[in-house]
Amino acid sequence: MAKFIPNSPKLNQKKRMFYALMAFSIIFAMLILRLMWVQFVDGGKYQQMAIEQQTKDSIITSKRGIIYDRNGKVLAQSASVDTVAITPREAMKEKNIDKVAQDLASILEMDKEEVLKKLTKTSSGYEILKRKIDSNQSKKIKELGYKGIYLIEDSKRYYPYGSLASHVIGFVGDDNQGLNGIEMIYDKYLKGVPGRVVTAKNALGTDMPYKYEKHINAQNGVNVVLTIDEVIQHFAEKYLKEAVEKYQVENGGACIIMNAKTGEILAMATYPDYDLNAPFTLTNPKHIEQLEGLEGEERSKKLYELRNLMWRNKAVVDTYEPGSTYKSFVAAMALEENVVDLDHPFDCPGYAVYNGVRIRCHKTTGHGSLTFKSGVENSCNPVFMAVGSLVGKSAFTRYHKLFGFTKPTGFDLPGEASGIFFSEDNFNELELATSSFGQGFNITPLQLVTALTAITNDGVMVKPRIVKELVDDNGVVVETFETEQIRQVISKDTAKTVREILEGVVTNGTSKNAYIKGYRVAGKTGTSEKQPRGNGKYVASFLGFAPADDPEIIGLVMLDEPGTHLYMGGQIAAPTFKNIFDDTLRYLGIEPKYTEEEMADKGQMVPKVEGMSVEDAKMQFGGLKLEYKIIGSGENVLEQNPKGGITVPSGSVVMLYTEESEVSEVVVPDVVGKTAVEANQILTNSRLNMKVGDSTSESGESYVASQSPAAGETVSTGTIVTVEILHKDVH
């Protein structure tokens, strides 16, 4: 039997071989596992690193879609520009990199050190030096011929009309992404799909020949056609700006013009506005003043706040108390519920008391006895508080919701606000009373205009929309947006009756300053006192439509905190509405239809009598509602004022000069506040002509609200002074 020897050389050799084999197996297994990890887990990462090392991937910006108005006018488009990119490793091959930096900085209007830092950033294979340079800069960079400097095709957004519809259209950032308005909401359609240029690089990081390039073409964005009409938008912005500046409106104003049947927005304006081609530049002098003296983070924070305020679309985002414009809908509720008829009797002592609170009428002496119809025409608060009580809290709340005042409309612009109303638990008799004349709750201008479609559209409310269709570059319609009916709110008969009542408000009531000769205009003024009550801050507004018998367009003018002694909706919002609608109705081809009374009230055309004998001249005035005054003792009329062919108010005086006068220039007198006849006499005596716009009614108690040229200006004799005539008895 063999004896066991534990440390035999043969046994030790086997052990060493075993351990070596085990170690090798473990190492091999680890290598296999690592290889599998690299291959299957980190494979994508390393593949991407290899691609980045071996290729240069340049983005080709897609051409952003065009934004058109409803008639095909370009409101926003993209122009071809270049972006300057650099490959630092290639650029460093230039002998004098400092001169390269200086030349580029000079052309691109950049800091030299900033350019040099990017040129020498060897840790980066690709750097953007400056985006969206103009063609002249591109030409100069090409002429330099420096290595590693590339011009990549890019695009820059351009807005041909500058600030027109700025709060609707919106703008884009440096990366061509929509940041506001339609540009943001329809960004996924407008932006298109970017293309790429993939260029192979050698081991040194420089470009391989052209045959190693791969181009993936960009796909242009879809074009957006708005419902906006550029001409009507211009009317709205022009007169809104005039009103804001004339009445020193602290918080600006808003205006909406809508197609009464389809809900299409024809114009939507907010003023102050901003330049779409420089959207980050403040335009309001008051805002610019607020930045003075601020630095660092404090300045940045304030600038951010003011920019957002400038971009804010008051027509969609802001809420306010609608005031008496809301009475249009309370009237509809009452008629629909059959709690009143047109002749329902009411009494107004100048106030009403609810829950121990005395609430006054705008006519503090009271309207006395009046019917429901005359109560609407006179915008009597006690009448409407009584009407609200007749309707009742439950029905009132239900109709308020049916008219869409508690939810956003779903409009295609960012930030649309919702209405704010009382909770049912807190809606007591006092809240019902104040709500009945449009105070105590908040709505948006867009909600108000939308609700009016139920009255203009035979009881059916339609959804507002601002995009008409999407079309491609070949003019093929990609998508069309049709009229969308929301619901039937009131009956056809009720809607018709309310339209007739609101027409009476303009012809006989507190909205006379919205009256346009030849057109049947209907509507309601609003003057709401802002909270806290008694602070002297108001919102003046007018909501209306025309023609009253078959409405084509709806309009709202809202002026937030007028700063003059004129602050009532009838005083400032109604005449602004009148100016916008007068131009718009004529532009749309809706012909005026004058009544006999309107024809008689259009004034008298002055006969041309210069060169005639005095006796013959006198005969020309026979049968005319004009007076004449002969100046001098000559036998013939050498000069007349006003000139022949000019229409002047009935009762005006025509000056007939029979002797030569050396007077060639005169100072314009002040006629603001005078009646039309008084103003004409004053101007005539100063050898000036007066013109009153065709859209103005001179009946009733009226006055000259403005004149142009202004008082104190020196003008030639015979100059026409245009005056605006407004009514006094408005609210």
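- Within a 6.0 Å radius of CD in Glu297, other residues, nucleotides and ligands contribute 12 heavy atoms or fewer.
- Under the 4.5 Å side-chain criterion, counting only non-hydrogen atoms from C-beta, Trp311 is not in contact with Ser166.
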Stepwise side-chain contact (heavy atoms from CB on, under 4.5 Å) test for Ile553 and Phe581: CA-CA 9 Å; Ile553 53 174; Phe581 258 49; 3.6 Å; yes

side-chain contact (heavy atoms from CB on, under 4.5 Å) assessment of Cys255 paired with Ile257: CA-CA 7 Å; Cys255 174; Ile257 308 296; 4.0 Å; yes

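- The pair Arg312-Asp318 meets the salt-bridge criterion, since a charged nitrogen lies less than 4.0 angstrom from a carboxylate oxygen.
- The main-chain N or O of Arg465 is found under 3.5 Å from a side-chain atom of Thr227 such that the two form a donor-acceptor pair.
- In this structure, the separation between CD1 on Ile133 and CD1 on Ile107 is 8.5 Å, given to the nearest 0.5 Å.
- Atoms CD and OG1, from Glu482 and Thr262 in turn, are 10.5 Å apart once rounded to the nearest 0.5 Å.
- What you find for Ile66 and Leu190 is that their closest heavy atoms are O-CD2, 4.2 Å.
- Within the model, atoms CG of Leu446 and CD1 of Ile466 stand 9.0 Å from one another, a figure rounded to the nearest 0.5 Å.
- The distance from atom OG1 of Thr450 to atom CZ of Phe411, rounded to the nearest 0.5 Å, is 8.0 Å.
- Remark: Glu250 does not engage Lys537 in a salt bridge, criterion side-chain N to carboxylate O under 4.0 Å.
- Salt-bridge formation is not detected for the pair Asp134/Lys156: no Lys NZ or Arg NE/NH1/NH2 atom is positioned less than 4.0 Å from an Asp or Glu carboxylate oxygen.
- Within the 3.5 Å criterion, the main-chain N or O of Glu295 finds no donor-acceptor partner in the side chain of Glu298.
- One N or O on the side chain of Gln233 and one on the backbone of Met268 form a donor-acceptor pair closer than 3.5 Å.
- Side-chain N or O atoms of Ser106 include none that pairs as donor or acceptor with a backbone N or O of Asp103 at under 3.5 Å.
- Within a 6.0 Å radius of CG in Asp174, no more than 12 heavy atoms belonging to other residues, nucleotides or ligands are found.
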Chi angles and distances behind the side-chain contact (heavy atoms from CB on, under 4.5 Å) call for Asn176, Lys132: CA-CA 10 Å; Asn176 284 318; Lys132 305 182 190 306; 3.2 Å; yes

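- Side-chain contact between Tyr68 and Val74 is present, with heavy atoms from C-beta onward closer than 4.5 Å.
- Below 30°, between 30° and 60°, or above 60°: for Phe405 and Phe403 the angle between ring planes is between 30° and 60°, a tilted geometry.
- Shown are Asp187, Ile67, Ile228; of these, the side chain to side chain contact (heavy atoms under 4.5 Å, CB included) with Ile182 is made only by Ile67.
- For the residue pair Ala76 and Ile169, the shortest heavy atom distance occurs at CB-CG2, 4.3 Å.
- Applying the salt bridge (Lys or Arg N to Asp or Glu O under 4.0 Å) test to Glu552 and every residue at least two apart in sequence or in another chain returns Lys261.
- Electrostatic pairing of Asp98 and Lys112 counts as a salt bridge here, judged by a charged N lying under 4.0 Å from a carboxylate O.
- At a threshold of 4.5 Å between non-hydrogen side-chain atoms, the residues Tyr146 and Lys99 count as touching.
- Checking side-chain atoms of Arg64 against main-chain N and O of Glu183 turns up a donor-acceptor pair under 3.5 Å.
- The nearest pair of heavy atoms linking Gly162 to Asn277 is CA-ND2, 4.0 Å.
- Within the 3.5 Å criterion, the main-chain N or O of Val476 finds no donor-acceptor partner in the side chain of Asn474.
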Asp273/Lys241 under salt bridge (Lys or Arg N to Asp or Glu O under 4.0 Å): CA gap, chis, key distance, verdict: CA-CA 9 Å; Asp273 52 20; Lys241 178 183 178 182; over 6 Å; no

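- Side-chain contact between Glu321 and Val539 is absent, with no heavy atoms from C-beta onward closer than 4.5 Å.
- Ser418 contributes a side-chain N or O that, together with a main-chain N or O of Thr406, makes up a donor-acceptor pair within less than 3.5 Å.
- A 4.5 Å side-chain heavy-atom check between Gln177 and Val172 finds every atom pair outside the cut-off.
- By the 4.5 Å heavy-atom criterion applied to side chains, Val557 and Tyr239 are not counted as neighbours.
- Counting heavy atoms from C-beta on, the side chains of Ile149 and Leu129 never come closer than 4.5 Å.
- When the salt bridge (Lys or Arg N to Asp or Glu O under 4.0 Å) test is applied to Glu230, the partners found at least two apart in sequence or on another chain are Lys73.
- For the atom pair OG1 (Thr325) and CE (Met558), the distance works out to 10.5 Å, reported to the nearest 0.5 Å.
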Stepwise side-chain hydrogen bond (donor to acceptor under 3.5 Å, both in side chains) check, Thr409 with Glu416: CA-CA 8 Å; Thr409 66; Glu416 184 185 3; 2.8 Å; yes

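- Of the options His167, Glu242, Glu237, Glu245, a side chain to side chain donor-acceptor pair (under 3.5 Å) to Tyr271 is made by Glu245 and by none of the others.
- Of the possible polar contacts, none joining the Thr444 side chain to the Ala417 backbone as a donor-acceptor pair under 3.5 Å is found.
- Donor-acceptor pairing under 3.5 Å is recorded for the side chains of Ser138 and Asp82.
- You'll find the side chain of Phe280 reaches within 4.5 Å of the side chain of Leu179, heavy atoms only.
- Between the side chain of Tyr587 and the backbone N or O of Ile232, no donor-acceptor pair lies under 3.5 Å.
- The minimum heavy-atom distance between Phe542 and Ala573, with the atom names listed, is N-CB, 3.7 Å.
- Side-chain atoms of Lys130 come within 3.5 Å of backbone N or O of Leu108 as a donor-acceptor pair.
- Closest of all the heavy-atom pairs between Leu75 and Pro160 is O-CD, 3.4 Å.
- No close placement of the Phe171 and Tyr159 rings is indicated, their centers lying 6.0 Å or farther apart.
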Residues Arg131, Val81; criterion side-chain contact (heavy atoms from CB on, under 4.5 Å); working and verdict: CA-CA 9 Å; Arg131 297 182 184 275; Val81 292; over 6 Å; no

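- Residue Lys530 places its NZ atom among more than 12 non-hydrogen atoms of other residues, nucleotides or ligands, all under 6.0 Å distant.
- Once rounded to the nearest 0.5 Å, the distance linking NZ of Lys140 with CG of Leu104 reads 12.5 Å.
- The two residues Pro464 and Ile265 have their closest heavy-atom pair at CB-CD1, 4.4 Å.
- Comment: Lys302 engages Glu305 in a salt bridge, judged by a side-chain N to carboxylate O separation of less than 4.0 angstrom.
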